[in-house]
Amino acid sequence: MILGGARFCLEEFGHGGLGLGREDEGLILTFVLSVLRFLASRFFLFNSSSSVVDFSGFALPIPLLLTSHHELELELELASEDLNSSYDYKDALGKAILFFEGQRSGKLPADQRVKWRGDSALTDGKSDNVNLVGGYYDAGDNVKFVWPMAFTVTLLSWAAVEYQHEISSAGELNHLRTAIRWGTDFILRAHTSPTVLYPQVGDGNSDHQCWERPEDMDTPRTLYKITSDSPGSEAAADAAAALSAASLVFKRVDSNYSMKLLSKSKSLFKFADKYRGSYKGSCPFYCSYSGYQDELLWSAAWLYKASRDVKYLNYVVSNQGWSQAESEFSWDNKFAGAQALLATEFYGGKKDLSKYKTDVESFICALMPGSSSLKIKTTAGGLLYTRGNSNLQYVTSASMVLSVYSRTLTTSRIDGIQCGSVHFSASQIKSLVKSQVDYILGNNPMKMSYMVGYGNKYPMQLHHRGSSIPSIYSHRRKVGCKDGLSSYLYSSTPNPNQHVGAIVGGPDSSDHFNDRRSDFSHSEPTTYMNAAFVGAAAALLDGTKVA
């Protein structure tokens, strides 16, 4: 098919049209073949308002052939790598899960695999006589934010539910369950009564003025609390989603724990919905821009999936007017995730959920290269680019939704989705996922992995306090707040502790990455970035064909 398409391009445009003689036919054919092979390897359907070459169902706009010499060199270089390289998704999956052990707060277990970490924050909650020990530090700092932590747990649980067989076959299911439970145990402790949730431990402003190992930190462990008088629907609803999703993970392995999770999830959802109000406590670090309606739908969708209680189905049906077509899925904006979940129910027979199906397909159309409703463009190297600050979080979360919806289409025997005049099959949607995962693992212009410890070249100056300061086991003397800033944050030496599995914020819009610790927007990892990657990587282990 590729050869036929190349000869068609040659015959139509090579002779005369570009001022080239037949003696150049071999050279032209080789060149066109390379470009077409690259595009076919990604297998996206491109359309243009200009002339289109169409061969055997593969549409290619002529302007793609008439690009700059530099761009063509880059395309062909990436094409060669794309065709000849193979990425170990099993290894990447295991490392992505291992990362969470380096983010643990509290008393570490005997089977802790990340050996440079030690116990930390063992008195969290003491000022209010509650036990808030445990949970995860969200990123490279030492604060515990329940809102992004809950999103992290939900994504990990979604991966465990959707790709249980693949993750189990990779030998990582028990590790994943442990990572989930480390988060859910904390969320359970943080929900101390039906109308109370502690959504944050630690003062973000004080913490960000210091550079200390979590084992040394002496910044205030301030407690934040939402109540019926001071609500925070985003955090409470997200916590509910996390517990209900996790209840499915433990349903067959620990039924009592699963029932406890589901019961507390229902309590949190009732609290979030009855006492509605936007959560502002974690600003300026985590501010609600999309409001709380997305979290309420996300939470109700998970509660319906976990409980099959019709009242949660009725809730999402009666409130489907809240649903919006978006172009991002993130810790702040959960619409696309809720839509993907509910679209599965639509294909299962719940036809009154059609708006969610329509909206999630709009989300996908906004991402697919060649779509007539494209909103998120790709870099020259092929990376989806939403915004400059920690862009890989949007890449991994979008890839998670694309993976799940591709599987939904396949299992529902639906041939794909329509984006204006362009049709995308399930395998083409999954192909975009593969391209993004491969980019993260090394198929990019920098020829480096953006996951620490994966491949031969990866970030060495992670913006992460614990990773950048010598371990408490090798450097027992306390490293104070200002000492860390002067000696470690701005040091140009590699981190002494390799935080294996950590995915950084990623390159800029030009596919360029400066491995510099102080550049937090590109070199800092987050739990939710890794959590979404777990699902996307697991999806590539299922053995189904990628176009």
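- Looking at Arg276 and Asp273, a side-chain N of the basic residue comes within less than 4.0 Å of a carboxylate O on the acidic one, giving a salt bridge.
- A salt bridge between Glu345 and Arg308 is present, with a side-chain N of the basic residue lying under 4.0 Å from a carboxylate O of the acidic one.
- Note that CZ of Arg213 is 5.5 Å distant from NE2 of His475, once rounded to the nearest 0.5 Å.
- Judged by distance alone, the side chains of Ser323 and Asp359 do bring a donor and an acceptor atom under 3.5 Å apart.
- The pair Lys144-Asp138 does not count as a salt bridge, with every side-chain nitrogen at least 4.0 angstrom from each carboxylate oxygen.
- Side chain to side chain, Arg104 and Gln112 meet the donor-acceptor criterion of an N or O pair below 3.5 Å.
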- Task: List the steps, then state whether salt bridge (Lys or Arg N to Asp or Glu O under 4.0 Å) holds for Lys478 with Asp216.
- Result: CA-CA 6 Å; Lys478 179 176 179 177; Asp216 284 337; over 6 Å; no

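- Judged by distance alone, with hydrogens and angles left aside, the side-chain atoms of Asp508 form a donor-acceptor pair with the main-chain N or O of His512 at under 3.5 Å.
- With hydrogens and angles left out, the side-chain atoms of Ser290 and Asp294 include a donor and acceptor closer than 3.5 Å.
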- Message: As a quick check of understanding, evaluate side chain to side chain donor-acceptor pair (under 3.5 Å) for Thr192 and Arg189, giving each step before the final call.
- Response: CA-CA 6 Å; Thr192 55; Arg189 288 195 288 271; over 6 Å; no

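- Heavy-atom neighbours of Lys115 NZ from other residues, nucleotides or ligands within 6.0 Å: above the threshold of 12.
- Closest heavy-atom contact between Ser282 and Phe145: CB-CD2, 3.8 Å.
- Leu367 and Ser327 get closest at one heavy-atom pair: CD2-O, 3.9 Å.
- A donor-acceptor contact closer than 3.5 angstrom links the side chains of Asp238 and Trp298.
- In terms of modelled atom types and a separation under 3.5 Å, the side chain of Asp332 and the main chain of Tyr289 share a donor-acceptor contact.
- Remark: Asp203 does not engage Arg221 in a salt bridge, criterion side-chain N to carboxylate O under 4.0 Å.
- Between the side chain of Thr526 and the backbone N or O of Met529 there is at least one donor-acceptor pair closer than 3.5 Å.
- By the neighbour-count criterion of 12 heavy atoms within 6.0 Å, atom NZ of Lys305 is sparsely surrounded, having that number or fewer from other residues, nucleotides or ligands.
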- Determine, stepwise, if the pair His191 / Tyr198 fulfils ring pair (Phe, Tyr, Trp, His ring centres under 6.0 Å). CA-CA 7 Å; His191 184 40; Tyr198 286 88; over 10 Å; no

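- Listed for the Ser397 side chain is a donor-acceptor partner under 3.5 Å among the backbone atoms of Gln393.
- For Phe100 and His175, the ring centers are positioned 6.0 Å apart or more.
- Looking only at atom types and distance, the side chain of Tyr488 has no donor-acceptor partner in the side chain of Asp483 under 3.5 Å away.
- No donor-acceptor contact under 3.5 angstrom links the side chains of Thr195 and Ser228, judged on distance only.
- Going from atom CG of Leu243 over to atom CG of Leu262 covers 9.0 Å, rounded to the nearest 0.5 Å.
- At a cut-off of 3.5 Å, with distance as the only test, no side-chain donor of Glu101 or His499 sits close to an acceptor on the other residue.
- In this structure a side-chain-to-backbone donor-acceptor pair under 3.5 Å is missing from Asn495 to Asn497.
- Note on ring orientation: taking the six-membered ring where Trp is involved, the planes of Tyr528 and Tyr286 are perpendicular (angle over 60°, cut-offs 30° and 60°).
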- Message: What verdict does the side chain to side chain donor-acceptor pair (under 3.5 Å) test give for Thr344 and Thr408, after you've listed the backbone C-alpha separation in whole Å, the side-chain angles of each residue and the deciding distance to 0.1 Å?
- Response: CA-CA 6 Å; Thr344 302; Thr408 296; 3.2 Å; yes

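- Between the side chains of Glu234 and Ser278, at least one donor N or O lies within less than 3.5 Å of an accepting N or O.
- A distance of 12.5 Å separates CD of Glu162 from CG of Leu155, quoted to the nearest 0.5 Å.
- With Ser523 contributing its side chain and Asp519 its backbone, the two residues share a donor-acceptor pair below 3.5 Å.
- There is no side-chain donor-acceptor pair under 3.5 Å between Ser521 and Ser390.
- Of the N and O atoms on the side chains of Ser105 and Tyr137, at least one donor lies less than 3.5 Å from an acceptor on the other residue.
- Put simply, the side chain of Glu295 does not reach to within 4.5 Å of the side chain of Phe269, judged on heavy atoms.
- Considering every non-hydrogen atom in both Asn391 and Thr386, the closest pair reads OD1-N, 2.8 Å.
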- Phe335/Tyr356 under ring pair (Phe, Tyr, Trp, His ring centres under 6.0 Å): CA gap, chis, key distance, verdict: CA-CA 9 Å; Phe335 280 121; Tyr356 295 106; 9.1 Å; no

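- Around atom NZ of Lys482, more than 12 heavy atoms belonging to other residues, nucleotides or ligands sit under 6.0 Å away.
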- Task: Decide yes or no on ring pair (Phe, Tyr, Trp, His ring centres under 6.0 Å) for Phe329 and Phe151, but give the supporting numbers first.
- Result: CA-CA 11 Å; Phe329 174 50; Phe151 183 51; 5.4 Å; yes

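- In terms of heavy-atom proximity, Gly118 sits nearest to Tyr473 at CA-OH, 3.5 Å.
- One finds the NZ atom of Lys334 at 15.0 Å from the OH atom of Tyr292 (value rounded to the nearest 0.5 Å).
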- Message: The test is ring pair (Phe, Tyr, Trp, His ring centres under 6.0 Å); show your working for Phe513 and His522 and say whether it passes.
- Response: CA-CA 7 Å; Phe513 177 76; His522 296 102; 7.2 Å; no

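- Atom NZ of Lys350 has more than 12 neighbouring heavy atoms from other residues, nucleotides or ligands inside a 6.0 Å radius.
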- Item | Steps toward side chain to side chain donor-acceptor pair (under 3.5 Å) verdict (Asn314, Ser318) | CA-CA 6 Å; Asn314 291 338; Ser318 61; over 6 Å; no

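- In terms of modelled atom types and a separation under 3.5 Å, the side chain of Asn444 and the main chain of Met448 share a donor-acceptor contact.
- Asp185 and Tyr257 are linked by a side-chain donor-acceptor pair at a separation below 3.5 angstrom, with hydrogens and angles left out of the test.
- Here the side chains of Asn319 and Leu296 are not in contact, with every heavy-atom distance at 4.5 Å or above.
- In this structure, Tyr439 and Tyr450 have parallel ring planes: the angle between them is below the 30° cut-off, well short of the 60° mark.
- Relative orientation of the Tyr315 and Trp322 rings is perpendicular, given thresholds of 30° and 60° on the angle between their planes.
- Dense packing is recorded around OH of Tyr224, with more than 12 heavy atoms of other residues, nucleotides or ligands lying under 6.0 Å away.
- With ring centers used as reference points, Trp211 lies 6.0 Å or more from Tyr490.
- The closest donor-acceptor contact from the side chain of Gln461 to the backbone of Pro494 lies at 3.5 Å or more, if one exists at all.
- Summarising the geometry, atom OG1 belonging to Thr178 is positioned 7.0 Å from atom CG belonging to Asp111; distances are rounded to the nearest 0.5 Å.
- In terms of heavy atoms, Ala139 sits closest to Gln103 at O-NE2, 2.8 Å.
- With no hydrogens or angles considered, no side-chain donor-acceptor pair links Ser518 and His463 at under 3.5 Å.
- Note that CG of Leu156 and CD1 of Ile97 are 7.5 Å apart. Values are rounded to the nearest 0.5 Å.
- Two residues are said to be in side-chain contact when any heavy atoms from C-beta on lie closer than 4.5 Å; Tyr454 and Ile440 fail this criterion.
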